[in-house]
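This report refers to the structure that appears directly beneath it.
Proteins come first, then strands; the chains are lettered A, B, ... in the order of their sequence lines, and each starts at number 1. Computed from heavy atoms alone, side chains included, the values below leave out hydrogens, waters and symmetry copies.
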Amino acid sequence: MTIDAITTKFEPARSSGQFSTFHVGDLFFGVDVLHVQEVLCLQPMTPVPRSPDVIEGLINLRGQIVTAIDMRRRLHLPPRAGGQTVMNMVVRTVDGVVSLLVDEIGDVLDMDADTYEQPPDNLNPATKELIRGVYKLKGQLLLVLDEERTVDLAIGREA
Amino acid sequence: MGALASSQAEDQEIVREFLIESHENLTRLDRDLVELENQPKNAALLSSIFRTIHTIKGTCGFFGFSTLERITHQAENLLSQLREGQRELTPLLVSLILETVDATRTVLASIEKSGEEGLERFETLTERLGLAAQLSVEVENPLTPDPVLMAAPADSIAETGSLDDWAMPVEVEPAKKEEREATVRQEDTRSKEDRREADRSKEEDAKPHSTVADSNVRVGVGLLDKLMDLVGELVLTRNQILQFNTEREDAALNATSQRLNLITTELQAGVMKTRMQPIGGVWSQLPRVVRDMSVALGKQIRLQTEGADTELDRTIIEAIKDPLVHLIRNSCDHGIESPETRLAAGKPVQGRLNLRAYHEGGQVNIEIGDDGAGISVARVKQKAIEKGLLRPEQVDKLSDREALNLIFLPGFSTAQKVTNISGRGVGMDVVKSHIEKIGGTVDLFSRAGEGATVRIKIPLTLAIVPGLVITSGGERFVIPQISLLELIRIEGDATERHIEYVHGTPVFRRRGRLLPIAYLNQVLDLQSSSSREAVNIVVLQAEDRQFGLVVDGINDTQEIVVKPLGKQLKGLLLYAGATIMGDGRVALILDVLGIGQSSGVFAEVQEPGRGSGRPQIELAVELQRLLLFRSGAFERLAVPLSLVARLELFPRAMIEYAGGGPVIQYRERILPLVSLRSVLESSGMDEADRTDPVQVVVFTDGDRMVGMLVDQILDIVEEAVTVRQKVGRKGLLGSGVIGGRVTDFLDLNEIVQVAAKSWFQGGGDTVGRKVLVVETSSFSRGMIRSGLDMAGYRVFEAATPEDAVRELEKQPVDIVVASLDLAGDGSSELLAAIQSNPEWTKIPVLALSSSPVPGQSAAVLRAGFQDCQTKFDHERMLESVAKLVAPPASSDPRAVDAERWHQQ
């Protein structure tokens, strides 16, 4: 792995070094804190019939209609157990504001570029597709979510 | 006054805006004054000048620019007298006022440079102005003593002045406010308004409303959009409160919410108005369009506009821009005649194009009229038949108005020739769809010889629309009211009887006509939660088609704020957007067209015995234009319109028999006919077909032509069609649902083969055999091809050996016919290429030489060609080809057809 590869691929999310973290299943993710608009508990959801599976529905975010994407389905993980909490992580993307439904919200963490690495090649392709890179923390890995790719659902491909 | 307390920087910004605005005003003042000199009695012009000076004065007072205020105040007094009719305007007075304008400019320049008014006090000017106001001899022309002034003592004039001052604050106050927030701009349209105002009394002129009406506030579009959003929110909140109110019985809450309701409605209307722009903005480019058109076409056209100040939501203005230009071009091109024609018709040489906009019933009407030849109904009808859009007897039944509206059909153009200006065959249909997209309608009126008028009706705004809230599968949805025709509720046992099934497709008899029915629950894959007791049908219209949508419940109508869906959902055609309901939850807005298209497909899935398993292969789900017709027991058959060359009507007597099959002389050719009945039902054509004239669908395939006899042509539709292949009857490709009804798709290949068989009876089993002709000269190729075509072969062409190889890679052929005249040693190369590919070794290759050379034939055969013939000796060539081709290859014609369906 060359240094060039890292810098070119990881430029947009690296600027702040601060990441809002969250859990989906047993995966630990981080999104550039500057791209996170807010975090909400579960909102009343309006399902969208015949939309791709990963779209959980629409929420009313103070008058703005925001699409909610279920991260579990997006990552091809098994569905949540009944009664498990769901949180909305509202992120700003090029395609507008989108809410990611995650299991649990973590802290905002400061990340050191030294601990950064490209996603390992043997990562599950469904996960790898959505990941910019990995930070090696003590005892666990923080996966840096590529929110642009996460919300890029070509209708029809998923349906 | 926030402005006084605000920071220095803000003040500077306001001063800057004041300067910009004042410069604009002064420029116009110069013009107005000169104009006024020519028409001293023009009260409107005078009022306009007065107000301009007055605005500057008021603003100066506000900023504390005392010199400027003094000058303008004196000028204002003078103008006030003029306006009041107390004295006549003289050139001297005009000069004086112009001098004031110059002085004002000087001071403004100084303010711009240093922020101060400068040292010059313009005392003499002020004095002279003051004197003039008091009828000083040095400015007043003694030869024209003013009778009013003579009668009025000086102090009474002074009183008038002070009265003016006293009246000022009323006028100044709003002006000040506006300037604090933005810039007051005097519109160019003002003089027009003034002319209208001229009729009003002078006292009215002095009232504040005219000042305000004349000044526009410049506000950023962003701010307006934000305001609109906020009002949208307020509307939603209002809806919530109203809903809350209905659940309570609280008189006070009731009264408050009613008031809130009223205020919100008014505010909504007000803010909506801020987004309004005069349509004139779009029109400004039209004179140029007309001018360019008239030059290009050698016509003389004058464009007259009326109602340029009619206001519309800016989003709508954007949307109608292109359709308008198109219509104008159309009128210039097709409507208005050439000067010679006009002269001959006794019309003025110069054609007139009228553009008119006006408000009517909450909508905006835009009319584009010309005094040209009008639209010839006969020509429209004829064109519709020629284009295969309608059959002659259908056309005969049309009223003139209906016939005119044929112009809006896709692919219609009445222009005699296609010009590069308009008339590319796409046109009016595009205009119509554009207008309909924004909820508008297009109408066409025409009087032969007198001209045509297109009237567009469009809504004022799109942002907030009335909608019907319905429920289905436990979810709420909104249907835009514009697509809504009526609501039908069937209660009790009648339910079962009312919704009937035709080929498994539900229909409803509405006033004697069948209305295709779709179930929203099925379209959206929802669980139906409705009881069987009642059925709610929402009758909808999308484009020109109507259908009934069965929903679980109908709630009420509401003003909804249309919000776009995120990009992730844009691809779903079922929804037009979303909105927020009274309870704060999101509801989806249904796209009626999308639902209609989608439901057609779903209607078939629910057909008994077909829904489960879905073994059918979906061949195509695309928008197709289809020709629908009837033949014998087959009530609804379809072929893609793109494969149809023409629709014809022949008297039965024209049918002749040749080669054992029916034919007809058609366009100097012999058109083989095939009776669809004989193919599909194996019944002879004569026993059942007694209709006269007969309807024929003409297909062409390369040079081949086949006419298909059908019982009746039903319709042409454009729909998303899912063809579900099934093993079925010979001649059918499969079936799908079109317009909510099951329709069989014809296997055209089969039909063509039948036709070819009957036509080339005894000509050997040539049908379907594929021949690849390789020849450099396209003329020779055509000659060879036509011979093979006539014999019923399927001919492919290639100009070079390379092309030939590519063709062969695309599809295997039964024989290759190669010219020996290919460039270089092309024919040998080709032969080598064919022989080197194991898949092709079995393909015979026939060589064609242009002129027989003794011994050549033997040499060619030695080289590996199967045979050698002379070019253009068709008989020999065909003989040889027939000899060489092996029994038909096992290529499946259906596969070829399926490919074709895909390509549609």
Side-chain angles (χ1 to χ4, degrees), chain A residues 35 37-38 40-75 88-101 129-130 145-159, chain B residues 226 228-237 239-240 471-478 519-528 560-591 594-595 598-599 601-602 621:
Chain A
H35 296 170
Q37 180 174 313
E38 59 193 296
L40 301 163
C41 56
L42 186 62
Q43 298 285 307
M45 191 78 62
T46 301
V48 183
R50 295 188 63 194
S51 62
D53 231 17
V54 296
I55 292 180
E56 183 71 20
L58 303 172
I59 58 172
N60 170 13
L61 190 67
R62 293 184 300 281
Q64 191 180 9
I65 290 172
V66 173
T67 311
I69 293 176
D70 183 15
M71 285 308 290
R72 280 205 175 231
R73 282 198 217 110
R74 188 73 182 95
L75 294 162
N88 284 282
M89 184 130 198
V90 183
V91 293
R92 281 185 290 259
T93 71
V94 176
D95 294 340
V97 176
V98 175
S99 171
L100 305 178
L101 297 182
E129 188 199 0
L130 306 179
L145 190 73
D146 186 334
E147 64 273 9
E148 298 297 341
R149 280 205 188 174
T150 306
V151 303
D152 179 22
L153 315 166
I155 299 253
R157 187 181 57 186
E158 299 281 332
Chain B
K226 173 92 182 125
M228 192 63 219
D229 282 352
L230 285 173
V231 167
E233 291 308 303
L234 186 63
V235 167
L236 295 173
T237 316
N239 293 351
Q240 276 171 334
T471 48
S472 236
E475 290 295 328
R476 274 176 304 182
F477 297 95
V478 184
Y519 290 85
L520 188 58
N521 286 330
Q522 280 162 0
V523 177
L524 300 182
D525 271 343
L526 296 168
Q527 292 297 314
S528 175
I560 55 159
V561 181
V562 182
K563 304 204 172 222
L565 290 174
K567 198 187 162 204
Q568 297 79 17
L569 294 170
K570 280 271 161 67
L572 276 180
L573 300 175
L574 295 165
Y575 310 111
T579 189
I580 294 165
M581 303 301 295
D583 59 2
R585 287 195 49 181
V586 178
L588 289 158
I589 301 168
L590 298 181
D591 183 312
I595 295 280
S598 178
S599 63
V601 177
F602 271 71
V621 196

- prompt: Is it true that a side-chain atom of Gln568(B) and a backbone atom of Val151(A) form a donor plus acceptor pair closer than 3.5 Å?
  reply: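 Yes, the answer is positive, given that a donor and an acceptor are paired below the 3.5 Å cut-off.
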query: Checking Thr471(B) side chain against Gly474(B) main chain: does a donor-acceptor pair fall under 3.5 Å?
result: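 A pair under 3.5 Å: no.
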field: Contacting moiety of Thr579(B), where chain A heavy atoms sit under 4.5 Å
entry: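 Only the backbone of Thr579(B) comes within 4.5 Å of chain A.
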task: Write down the atom of Asp525(B), the atom of Arg50(A), and the distance for their closest heavy-atom approach.
output: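 Nearest heavy atoms, Asp525(B) then Arg50(A): OD2-CG, 4.1 Å.
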task: Provide the closest heavy-atom pair for Ser472(B) versus Leu526(B) in the form atom of the first, atom of the second, distance.
output: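 Scanning both residues completely, I find the closest heavy atoms to be O-CD1, 3.5 Å.
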- request: Could you check which of Ile580(B), Thr237(B), Leu588(B) has the highest count of heavy-atom pairs closer than 4.5 Å to chain A?
  value: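 Max contact count across the listed options: Ile580(B).
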- prompt: Of the listed residues (Leu58(A), Ile69(A), Val66(A)), which shares the most heavy-atom pairs with chain B below a 4.5 Å separation?
  reply: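 Ranked by contacts with chain B, first place is Leu58(A).
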